[in-house]
There are 2 protein chains.
Amino acid sequence: MTASNRVTIRDVAKRAGVSVATVSRVLGGEYPVLAATRNKVVRAVRELDYVPNAHARALSAARPGAIAIVVNSVAVPYYALIAQGVEEQAAQEGRLSLICTTGGDTGRELSIVRLLREQRAEAVILVGSVVVDDEYRERMTEYAHALAAAGSRLVLCGRPPLGEGVPALVVGFDNTGGAHAVTAHLLSAGHRRILYLGLRPGHTTSDSRVAGYRAALAEHGVPADPDLEVEAEFDREAGYAAMRRRLAAGPPSFTAVFAGNDLVAAGAIQALREHGLRVPDDISIVGYDDVPPAQDLDLTTVHLPHDELGRTAVRLALGRLTPGPPSSGPMDGAGSARVLTLGTHIVVRGSVRRLGPR
Amino acid sequence: MTASNRVTIRDVAKRAGVSVATVSRVLGGEYPVLAATRNKVVRAVRELDYVPNAHARALSAARPGAIAIVVNSVAVPYYALIAQGVEEQAAQEGRLSLICTTGGDTGRELSIVRLLREQRAEAVILVGSVVVDDEYRERMTEYAHALAAAGSRLVLCGRPPLGEGVPALVVGFDNTGGAHAVTAHLLSAGHRRILYLGLRPGHTTSDSRVAGYRAALAEHGVPADPDLEVEAEFDREAGYAAMRRRLAAGPPSFTAVFAGNDLVAAGAIQALREHGLRVPDDISIVGYDDVPPAQDLDLTTVHLPHDELGRTAVRLALGRLTPGPPSSGPMDGAGSARVLTLGTHIVVRGSVRRLGPR
DNA sequence: CTCCTGCTGGTAACCGGTTACCTGATCGCT
DNA sequence: AGCGATCAGGTAACCGGTTACCAGCAGGAG
């Protein structure tokens, strides 16, 4: 109604006939103010439609900052689900949370982290696995120290832990365990020639899944076959292209496929279909992540508690949770004391056929 | 390296042996400064790892604010894709963008808008259709005026325009046209009994799609049948439940289904499958939106330029685009001068069977 | 050799809040 | 009635930047 431009606390004070201190106190809540005075102030606030300037507030008083989550892309369900968990938990804690996207671009990640430092974000949650090389490790270590110096916390989700003294909290999924379970599922259905589709050397998530796959094979006495491990990025197009290429090279030498994630599985299924192969009649397939396409494809996969990961990241960031041995599962990688791993479980749907005994 | 706590511009000035003004000027870029002085400053900045405080900056100088996009949930592909468009365009314009989610809760929307006012966001983009009632209209009008008073712009995406004098920009999809096209597609394949699954009275997006559906039927001389219009929220579960209920009530009295969106279609397809009906052999189906499940389900649907919507919203918000008659398609609703409508097109996949002539 | 001009860089006011410190008034007590 | 204790509310310093305004100094003109 009476909306006017740029109303400040002095305008409110003048209008209410009190001092700025009183207005601030009324708005702050704690300080004792006479009911009559308080009323004058709230009336003035309402009449002027006064909204305090968050920047001025942040500048003068030390107040809770925002919680930022940085992901590759919000259009990838894996990230979207984690981000949702973060948002929910943050909302529950009464914090502002913001989602930033990098598009997988290291340069943009850099400028976003810088921007979040400028904003004095209270916590920065970096999500998503990456190829770990020296340059990455150095960059992360730098972030961690810079953020720590500014009083913010850094949480890495689904990324490998950094060195011992680096101030970063880490939470992730038990990729090796899940991959082991789902591979064992295929093995116990009688499959012996299982194609792993999604090799990405140096990429920690994929590496962990491959490790689980190999371990399960070894336990069942099935020799590893390099020809059954093919490279593919973790998206639909890559899964499609890789499977197409494979099928074009000759008749399938495998009876089942373990796709690096559900999107890869979706692409692979499309390629199989186009090649006249039916799932699961001709080829069995399992995915990983249990993100939306899985249900529609009736895909057996490994369920990840995305939501839980996001919520845990926020709790860690706010110091509500002390990483160490508390809540769950086996440790994934280096046994640092600041790493938390969330358990996973297999979701059986209809994409795996039981083979009769040979 | 030399990370220290809370470094201010005065620290840098002291270290460099110059005044704060000089430091600010070096950082600002424009002002002429001797190379030697500049070097001293940049060295001090680097040594102290100084990061300017965004709040202080925002407070003193009028600098570009953030662009905020407010959506229901980032886990719904429709929103995620639009949000991605916003992020991309904002990044391209060199702006910080943040995604906020409401979970569909009006109360949370309220507090988010308030928070964005406090943050002095430059633009607020509200996405997603809603049930329009008096309370909604009043609330939006209030937002619009409040944001305008604070110097921010409000952009509504896929929401109906407000009254004439309300300072809000609107951009949306041509829902009526798309629904018309896809219904006509079914009709020309020989279908006459087409079930519309997704009725939501008062919900503008659904209403527009129903309107297109009815118009296409009428043009082809097919009488409207209330029994063929069934209610369902726009998510997978609702589509599943509604179709299940329908099938339980008796054998299908329709040969094709027009689902309110792709998620509804996904749910409906699952219910059909569980009931022993095959798509498209027994029942044809089309969706709307062309979001990820569509491809995996081989679903014929209407493609929406989500990305374009997001980008357009940002351009509108930044005043790069003047709504009026410029870029595209037919007008959706009220012909206000500040409404922009983006065209859609049909994507033919394999979920529709051509019926032989009767 | 002055004086003016142009350029560099310093001083201090300001952005809009919060809050330590202080004042003036009210109240209860002796 | 006189005293200190208590409490509401005002004054002003401060948070960390930006920038209007001004001063000092060098070089060119007269």
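The analysis underlying the following values was restricted to heavy atoms, covering all of them including side chains, and did not include hydrogens, waters or symmetry mates. All chains are named by letter (A, B, ...) in the order of the sequence lines, taking the proteins before the strands, and each is independently numbered beginning at 1.
- Judged purely by atom type and a 3.5 angstrom limit, A:Arg315 has no side-chain atom pairing as donor or acceptor with the backbone of A:Arg320.
- To the nearest angstrom, P of C:dT19 lies 12 Å from CG of A:Leu59.
- Nearest heavy-atom pair, B:Ala44 versus B:Ala16, reported as atom, atom and distance to 0.1 Å: CB-CB, 3.8 Å.
- Remark: A:Tyr78 pairs with A:His306 by the ring pair (Phe, Tyr, Trp, His ring centres under 6.0 Å) rule, at least two apart or across chains.
- In plain terms, the two heavy atoms of B:Ala313 and B:Val155 that are nearest each other are O-CG2, 3.8 Å.
- Annotation: salt bridge (charged side-chain N to carboxylate O under 4.0 Å, His left out) contacts involving residues 79-89 of chain A, sequence neighbours excluded, comprise A:Glu88-A:Arg311.
- A straight line from CG of A:Asn53 to C1' of D:dG17 spans 13 Å, rounded to a whole angstrom.
- Using modelled atom types and a 3.5 Å distance limit, the side chains of B:Gln84 and A:Ser73 yield a donor-acceptor pair.
- Judged as a side chain to side chain donor-acceptor pair (under 3.5 Å), the pairs with a partner in residues 117-126 of chain B (not counting sequence neighbours) are, in order, A:Asp49-B:Arg117, B:Arg95-B:Glu122, B:Arg114-B:Glu118.
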(request) Heavy atoms under 4.0 Å is the rule here; annotate nucleotides 6-14 of chain D 5' to 3' with B where the base is hit, S where only the sugar-phosphate is, and - elsewhere. (result) --SBBBB--
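- A:Thr101 places no side-chain N or O within donor-acceptor distance of the main-chain N or O of A:Val74, the cut-off being under 3.5 Å.
- A:Asp134 CG: 12 or fewer foreign heavy atoms inside a 6.0 Å radius.
- The nearest pair of heavy atoms linking A:Thr141 to A:Leu162 is N-CD1, 4.3 Å.
- At the heavy-atom level, B:Thr8 lies under 4.0 Å from the strands shown only through sugar-phosphate atoms.
- In this structure, B:Asn39 contributes its side chain and B:Ala36 its backbone to no donor-acceptor pair below 3.5 Å.
- Axis angle, first five pairs versus last five pairs of the helix from C:dC1-D:dG30 to C:dT30-D:dA1: 60°, rounded to 10°.
- Between the P atom of D:dG17 and the NE2 atom of B:His55 lies a distance of 12 Å, rounded to the nearest Å.
- In this structure, B:Lys40 atom NZ and C:dT8 atom P are separated by 14 Å, rounded to whole Å.
- Of the residues in residues 111-120 of chain A, not one places a heavy atom less than 4.0 Å from an atom of DNA chain C.
- The side chain of B:Arg57 places an N or O atom within less than 4.0 Å of a non-bridging phosphate oxygen (OP1 or OP2) of D:dT18.
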